[in-house]
Amino acid sequence: MSLARPFKSKTHPRWPHIHLRYSYTIYAKHSELKRMATPTRNDFKNPIAVAKTVLSAATSLTATVMVVRSVVRPFVPPEFQDFFSSRIRGFLSRFYNEMTMVIEQNDGCAQNELFKAAQVFLAAKQSAFLRRVKVTKSTKENHSTQPIIDPNQVLVDTFNGVKLKWVFVSRQVSSGYRVHQGRSPPVQPEAQYFELTFDKKHMEIVDKSYLPFVMDEAKSIKQGKKTLKLYTLGSDGRSPGPWSRVNLNHPATFQTLAMDLELKKKILDDLDRFVRRKEHYRRVGKVWKRGYLLYGPPGTGKSSLVAAMANYLNFNIYDLELSGLHSNAELRRLLVSTTNQSILVVEDIDCTVELQDRKSETQAASLKPMLIGYKRQDRVTLSGFLNFIDGLWSSCGDERIIIFTTNHIEKLDPALLRPGRMDLHIPMSYCTPCGFRLLAFNYLGIDRHELFEHIESLLETARVTPAEVAEQLLKSDEPEIALRDMVTFLVDHKREENEEVIQEKVCRSQLIVEIGGSEEESSESELIEK
């Protein structure tokens with residue numbers, strides 16, 4: 001083997017041959033390694049050598065591209081960078097046959113129904129393959145397990161021979177909608193979504209058959225295992241949006257309500273008719289919602305009726321406290337964050353927030369800016385509240401019920417009471433003989449007694465609420481003792497009412513004398529003002 005000139009280096013004068021041999025040895029080894037690193041024709045017959053060559057070339061090309069990119073990028077405008085990147089991605093996408101659908105948790109301000117359906121469907125479909133489960137127990141049910149889908153977990157499904165891959169993605173975001181929660185610490189919001197990947201050629205099957213199938217399956221699963229929820233204002237980190245939730249375990253049903261039988265049947269028929277008339281509402285161009293106004297004295301069972309309606313329809317309840325809101329915009333955001341098949345309740349609407357009539361609002365809006373040092377007060381206005389009930393924003397959802405309760409219907413603005421806003425007005429009266437018999441059966445287990453007629457005659461004239469009657473029946477387990485105490489209570493209550501009436505007449509006469517004039521000439525407004 002011929003060797004080139006040896007390396008030039010200083011040599012020791014006494015042992016030049018040693019260094020010469022060392023130099024020739026190093027150069028020979030270097031030439032041999034160089035020859036081995038350069039592939040020959042025979043080397044391409046070896047798969048390992050080919051793989052090494054390709055990997056080396058790819059590494060060199062990648063390094064070159066990264067160097068060129070780092071050098072050129074500062075001199076190329078961002079617009080051109082985005083343009084070239086999109087072109088490159090479009091070109092590379094031609095070589096991929098997969099399509100990915102992104103199903104986000106929210107659609108703008110509203111919740112994405114498909115996202116919720118995917119959660120329920122995948123948890124039931126892949127429960128045998130999941131690694132973690134959540135165990136919960138309510139007060140009236142046995143403990144139950146709910147599968148938990150971990151972030152970045154891959155779940156595989158097959159539909160009509162089509163293979164579909166689901167991936168759940170969850171990541172923290174730095175900004176989000178905040179709700180006033182008092183002293184509760186702020187909750188870091190999360191962005192959650194599903195990625196559904198499949199072959200491009202099955203796009204039509206997935207879009208028109210598979211996704212509707214997921215929605216239907218999730219609905220049937222939820223109806224079979226649904227636990228009613230009570231939502232209130234204020235996020236707890238577990239519930240999406242500005243609402244926090246607890247299980248609704250109220251035992252009230254229409255069978256236990258102390259109401260007039262005809263009124264009870266009227267409410268049930270109205271609820272059944274509302275639920276089954278989805279296509280009718282769509283055909284006539286109305287939003288699929290229903291409004292109920294429950295009015296009457298305290299203790300007449302308004303809250304119990306709301307719970308009975310929720311249990312009958314299997315609807316969740318959203319308890320809206322208007323005094324906790326600061327603007328109409330916040331009210332709209334709360335509306336769109338509620339789900340379908342739910343009941344929105346505003347209790348004691350006459351005293352939760354001061355809703356002035358629209359005329360006074362307009363006058364105030366025109367005069368206040370003229371005042372020096374005027375500062376706009378953020379509050380919910382009547383016009384914004386009406387738009388929330390019956391305006392464009394009320395169409396953000398289907399199969400919803402809105403219920404107002406009040407102790408003083410005369411204090412409400414007439415605009416709140418018209419049909420289309422409050423469709424059915426339900427009077428919650430004092431206890432009737434029919435209601436008493438139902439309460440006696442529920443609390444004492446009897447349907448007849450010799451004191452029933454006497455008690456019912458007293459109920460005709462004494463104004464007592466079902467809550468007061470129930471409290472008397474709870475005082476003893478013995479029917480005889482409980483009923484006799486009931487008679488005593490009704491007699492004393494009637495005597496107190498008569499004394500109040502007499503005192504009211506005396507006060508009225510004194511006012512008439514002070515005003516001057518006869519009782520016929522003195523109007524009610526003058527007496528009240530005095």
Side-chain angles (χ1 to χ4, degrees), residues 228-233 243 245-246 248 250 252-254 256-257 259 263-275 277 281 286-325 331 334-353 355 380 382 385-391 393-409 411-429 466:
L228 297 185
K229 302 293 183 181
L230 174 62
Y231 291 83
T232 186
L233 185 61
W243 299 94
R245 67 186 183 187
V246 295
L248 177 63
H250 202 293
T253 63
F254 278 95
T256 60
L257 287 179
M259 293 180 61
L263 179 59
K264 189 183 299 185
K265 184 178 183 302
K266 179 181 179 181
I267 297 173
L268 288 172
D269 292 342
D270 192 81
L271 291 174
D272 293 335
R273 186 166 51 250
F274 165 74
V275 171
R277 299 180 78 177
Y281 276 85
K286 288 179 63 67
V287 179
W288 192 16
K289 67 177 184 64
R290 190 75 172 161
Y292 295 91
L293 176 66
L294 313 183
Y295 64 94
T300 52
K302 294 185 287 294
S303 298
S304 297
L305 178 56
V306 173
M309 295 170 70
N311 289 327
Y312 180 75
L313 297 175
N314 205 22
F315 282 12
N316 294 326
I317 295 179
Y318 287 85
D319 183 17
L320 178 60
E321 182 68 33
L322 292 178
S323 59
L325 303 181
L331 180 64
L334 290 175
L335 172 65
V336 299
S337 63
T338 58
T339 60
N340 296 339
Q341 295 185 338
S342 61
I343 299 176
L344 182 68
V345 181
V346 182
E347 292 190 288
D348 297 327
I349 189 175
D350 55 293
C351 57
T352 54
V353 67
L355 297 176
V380 177
L382 178 60
F385 192 66
L386 296 179
N387 188 44
F388 153 74
I389 299 172
D390 194 32
W393 286 93
S394 65
S395 62
C396 299
D398 285 329
E399 204 171 0
R400 295 181 180 180
I401 291 177
I402 301 175
I403 298 179
F404 293 163
T405 69
T406 179
N407 298 333
H408 306 282
I409 190 175
K411 293 183 179 181
L412 299 181
D413 191 287
L416 285 171
L417 307 179
R418 71 167 180 80
R421 289 169 180 161
M422 293 294 101
D423 303 288
L424 184 61
H425 297 186
I426 302 175
M428 306 297 292
S429 61

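- Residues meeting the salt bridge (Lys or Arg N to Asp or Glu O under 4.0 Å) test with K411, sequence neighbours left out: none.
- Between F315 and S342 the shortest heavy-atom distance is CD2-N, 3.7 Å.
- Annotation: side chain to side chain contact (heavy atoms under 4.5 Å, CB included) contacts of N407 (sequence neighbours excluded): P298, K302, D348.
- With sequence neighbours left out, T338 forms a side chain to side chain donor-acceptor pair (under 3.5 Å) with R400.
- A donor-acceptor pair under 3.5 Å is formed between the side chain of W288 and the backbone N or O of F274.
- Checked by atom type and distance alone, the side chain of K289 never pairs as donor or acceptor with a backbone atom of I402 at under 3.5 Å.
- When each of I343, I426, I349 is tested with I403 by the rule side-chain contact (heavy atoms from CB on, under 4.5 Å), just one qualifies, namely I343.
- For Q341, the side chain to side chain donor-acceptor pair (under 3.5 Å) partners are Q223, E399, not counting sequence neighbours.
- One N or O on the side chain of H425 and one on the backbone of L417 form a donor-acceptor pair closer than 3.5 Å.
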Check the pair L331, L320 against side chain to side chain contact (heavy atoms under 4.5 Å, CB included), reporting the backbone distance first and the verdict last. CA-CA 9 Å; L331 180 64; L320 178 60; 3.8 Å; yes

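- Listed by chain and residue number, R273, R290, Y292, L424 satisfy the side chain to side chain contact (heavy atoms under 4.5 Å, CB included) test with D270 (two or more places apart in sequence, or in another chain).
- Under the side chain to side chain donor-acceptor pair (under 3.5 Å) criterion, Y318 pairs with T339, sequence neighbours left out.
- Here the rule is side-chain contact (heavy atoms from CB on, under 4.5 Å) with D350, and of L416, D413, L412 only L412 fits it.
- Of all heavy-atom pairs between L294 and M428, the closest is CB-CG, 4.4 Å.
- Between atom CE of residue M309 and atom OG1 of residue T253 there is a gap of 14.0 Å, rounded to the nearest 0.5 Å.
- In this structure, the separation between CG on L335 and CG on L344 is 7.5 Å, given to the nearest 0.5 Å.
- R418 pairs by the side chain to side chain contact (heavy atoms under 4.5 Å, CB included) definition with D390, R421, not counting sequence neighbours.
- L257 approaches A308 most closely through the heavy-atom pair CD1-CB, 3.8 Å.
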Run L325 and L233 through side chain to side chain contact (heavy atoms under 4.5 Å, CB included) and show every step you take. CA-CA 9 Å; L325 303 181; L233 185 61; 3.9 Å; yes

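- S304 approaches A252 most closely through the heavy-atom pair O-CB, 3.6 Å.
- Closest non-hydrogen pair, L248 versus A310, comes out as CD2-CB, 4.2 Å.
- Of all the heavy atoms in P466 and S429, the pair that sits closest is CD-O, 4.1 Å.
- Below 30°, between 30° and 60°, or above 60°: for F385 and F404 the angle between ring planes is below 30°, a parallel geometry.
- Residues meeting the side chain to side chain contact (heavy atoms under 4.5 Å, CB included) test with P297, sequence neighbours left out: T300, Y430.
- Remark: D272 pairs with Y312 by the side chain to side chain donor-acceptor pair (under 3.5 Å) rule, at least two apart or across chains.
- Distance check, rounded to the nearest 0.5 Å: OG1 of T232 to CZ of R245 gives 14.0 Å.
- Remark: the backbone N or O of D398 is paired with a side-chain donor or acceptor of N340 at under 3.5 angstrom.
- Judged by distance alone, the side chain of N311 and the main-chain N or O of H250 form a donor-acceptor pair under 3.5 Å.
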